[in-house]
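As the structure lists them, so they are numbered: ligands from 1, and atoms in each ligand from 1.
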Amino acid sequence: MTDMKIDQDNVTEIGSLKDYVGECVTVLGWIDGVRSHGKVGFLLVRDGTGILQGVVLKEDSSEDMWALHESMTLECSVSLTGEVREEPRAPGGFEMGVIKLEILGSSHDYPIQPKEHGVDFLLDHRHLWLRSSRQRAGLRVRHEVEQTIHDYFYERGFIRIDSPILTGAIGESAGSLFETEYFGQQAYLAQTGQLYVEAACPAFRKVYCFGPTFRAEKSKTRRHLTEFWMIEPEVAFADTEDNMQLQEDFVRYIVKRVMERCGDQLEILGRDLGDLNMVLEPFERISYTDAVDLLRKKGNSIEWGSDLGAPDEQQLTEEFGRPLFVYEYPRSVKAFYMKQNPDDEKTVLCNDLLVPGYGEIIGGSQREDDLDLLLGRIREENLPEESYSWYLDLRRYGTFVHSGFGLGLERTVGWITGIRHIRELIPFPRMMNRLSP
Ligand code: 4AD
Ligand code: MG
């Protein structure tokens with residue numbers, strides 16, 4: 001490495017250069033591209049806050065400096081000093097007339113070149129792939145969505161409850177658990193924080209958790225990760241109708257804010273805003289039973305009672321072209337904690353929210369608040385009753401109508417950015433065949 005001393009007084013982030021036009025500053029970053037036209041060299045430097053075009057003129061440079069500029073390779077880290085000028089044709093709108101140049105860290109044979117690479121290669125090099133423009137754009141939108149989620153709930157008086165990741169209770173289903181030994185006891189990585197936010201409702205009324213959740217999904221699809229982030233609000237004295245209203249308002253708020261603040265990113269990603277603008281209109285609603293009828297009329301052979309699969313969801317969202325609630329699914333395909341429909345014991349008071357291109361991004365429900373019915377469901381599903389004694393207490397001591405939902409962060413960001421595979425929307429994806437980097 002270099003022993004160069006950085007004179008922080010003059011160092012400026014590229015994102016702030018508009019305040020330094022006409023001044024001599026130093027920029028630190030990584031080489032994103034190099035072009036030479038005979039006597040003029042262009043160095044594109046990226047520092048995480050923006051991109052700057054550095055211009056090196058042969059006639060103004062010493063031989064050493066000209067040779068140094070010619071030796072610059074992709075992703076070497078550099079220090080550039082010079083005068084900042086406005087230049088509408090340059091990426092970012094500014095350029096620098098470089099008078100001093102240093103390589104801080106060299107980079108030879110950078111594996112990711114400006115050409116097509118296979119996705120396995122890119123995933124093997126995820127630690128480097130993060131630097132490329134589409135990945136930066138997608139992850140910046142993820143960051144904006146995360147902040148928006150916290151702002152949304154903070155502004156509405158929800159209390160954030162951090163739910164445990166190591167747990168003894170099966171949150172969703174026995175089929176996709178990561179098990180681990182816990183000092184002689186059986187433990188699981190949490191599939192959901194829901195049961196814990198339910199417990200926090202009588203303490204705070206409106207709560208949410210937001211953290212990583214784990215599912216040992218053996219499916220290798222574009223919509224599944226084994227570790228993904230979920231945001232799960234829970235509200236006391238809210239029924240299934242209130243729950244859907246909250247989901248609609250929440251999703252609309254997120255999309256609007258990304259459109260307001262991440263225009264540059266959506267443009268880099270080539271996102272067509274047509275169906276995103278549809279979130280401003282009321283969402284569609286259809287019962288599961290009507291959805292099955294509709295699908296069958298369209299030639300789909302789905303039977304009442306089976307869960308909607310990805311192709312079914314896709315057919316439905318294509319039909320409506322906007323976000324769509326499907327509500328009241330059969331009890332047999334949904335989790336044990338959902339409230340039985342008082343008008344039809346075969347269904348539960350739940351909903352999924354489906355969006356074009358991705359299908360389900362939210363699963364939500366009113367919770368079973370009747371002790372005996374809940375116990376019946378735990379037994380029906382052969383779940384270990386002992387590990388739910390604390391959860392059943394919530395029905396023993398002041399049971400209450402309550403509802404909540406879980407929004408999958410990566411699928412939501414995938415839908416908003418138009419990136420098809422959710423593995424690109426988490427910095428270091430975990431999938432069935434991928435634990436590294
Ligand atoms: O429908 P799910 O399983 O619901 C729950 O976990 C409830 N406990 C939520 C609640 O009511 N509090 O998952 C919720 C969402 C899905 O709609 C999907 O967006 C996402 O989590 N999700 C996944 N995302 C990526 N990879 C996976 N393997 C996912 N499984 C679920
Ligand atoms: Mg679901």
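Classification of the Tyr288-Tyr329 ring pair by plane angle, with boundaries at 30° and 60°, yields tilted.
With ligand atoms numbered from 1 in the order given, ligand 1 contributes 6 (O), 8 (N) to contacts under 4.0 Å with heavy atoms of Thr192. Applying the 4.0 Å criterion to heavy atoms of Arg223 picks out, from ligand 1, the atoms 25 (C), 26 (N). For ligand 1, the atoms sitting less than 4.0 Å from at least one non-hydrogen atom of Glu232 are 7 (C), 8 (N), 9 (C), 10 (C), 12 (N), numbered in the order shown with element in parentheses. For ligand 1, the atoms lying closer than 4.0 Å to a non-hydrogen atom of Gly408 are 15 (C), 19 (O), 20 (C), 21 (O). Interface of Ile422 with ligand 1, defined as ligand atoms under 4.0 Å from a residue heavy atom, comprises 25 (C). The atoms of ligand 1 that sit less than 4.0 Å from any heavy atom of Gly363 are 1 (O), 9 (C), 10 (C), 11 (O), 17 (O).
Inter-residue side-chain proximity for Leu409 and Met230 is flagged as unmet; no heavy-atom pair is nearer than 4.5 Å. In this structure the side chain of Ile426 reaches within 4.5 angstrom of the side chain of Arg142, judged on heavy atoms.
Between Asp264 and Arg140, none of the side-chain N atoms (NZ, or NE/NH1/NH2) sits under 4.0 Å from a carboxylate O, so this pair counts as no salt bridge. A salt bridge is defined here as a Lys NZ or Arg NE, NH1 or NH2 lying under 4.0 Å from an Asp or Glu carboxylate O, and Asp369 with Lys339 meets this definition.
Ranking protein heavy atoms by distance to atom 14 (C) of ligand 1, first place goes to Met230 SD, 3.3 Å. Among all protein heavy atoms, the one lying closest to atom 15 (C) of ligand 1 is Gly406 O, 3.6 Å. Regarding atom 6 (O) of ligand 1, its nearest protein heavy-atom neighbour is Arg215 NH2, 2.8 Å. For atom 18 (C) of ligand 1, the closest heavy atom belonging to the protein is Arg411 NH1, 3.7 Å.
Only the side chain of Glu172 comes within contact range of ligand 1, with a heavy atom under 4.0 Å; no backbone atom does. Of all the heavy atoms of Ile362, the ones lying under 4.0 Å from any atom of ligand 1 belong exclusively to the backbone. Within the 4.0 Å heavy-atom criterion, the part of Arg367 lying near ligand 1 is the side chain and not the backbone. Contacts of Tyr358 with ligand 1, taken as heavy-atom pairs under 4.0 Å, are absent altogether. Residue contacts with ligand 1 for Phe228 involve side-chain atoms from C-beta outward but no N, CA, C or O (heavy atoms, distance under 4.0 Å).
For Phe250 and Phe153, the ring centers are positioned less than 6.0 Å apart. Aromatic rings of Phe121 and His117 (six-membered ring for Trp) have centroids within the 6.0 Å cut-off, being under it.
Among Arg160, His150, Glu232, Glu234, the single residue meeting the side chain to side chain donor-acceptor pair (under 3.5 Å) criterion with Tyr208 is His150.
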Evaluate Gln191 against Glu172 for side chain to side chain donor-acceptor pair (under 3.5 Å), listing each step before the verdict.
CA-CA 6 Å; Gln191 294 175 314; Glu172 285 295 315; over 6 Å; no
Please report the C-alpha distance between Val78 and Trp30 in whole Å, then the side-chain angles of each, then the deciding distance to 0.1 Å, and finally whether the side chain to side chain contact (heavy atoms under 4.5 Å, CB included) criterion is met.
CA-CA 6 Å; Val78 293; Trp30 292 264; over 6 Å; no
Can Arg377 and Glu380 be said to form a salt bridge (charged side-chain N to carboxylate O under 4.0 Å, His left out), step by step?
CA-CA 5 Å; Arg377 283 292 287 135; Glu380 195 177 12; 2.9 Å; yes
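Ligand 1 lies out of reach of Glu227, whose nearest heavy atom is not under 4.0 Å from it. Under a 4.0 Å heavy-atom criterion, Glu410 is not in contact with ligand 1.
A distance-only check finds no donor-acceptor pair linking the side chain of Glu179 to the backbone of Ala187 [under 3.5 Å].
Not a single N or O atom of Ser365, backbone or side chain, sits closer than 3.5 Å to an N or O atom of ligand 1. Residue Glu217 has at least one N or O atom closer than 3.5 Å to an N or O atom of ligand 1.
Residue Glu360: an N/O/S atom is found under 2.8 Å from the Mg ion (ligand 2).
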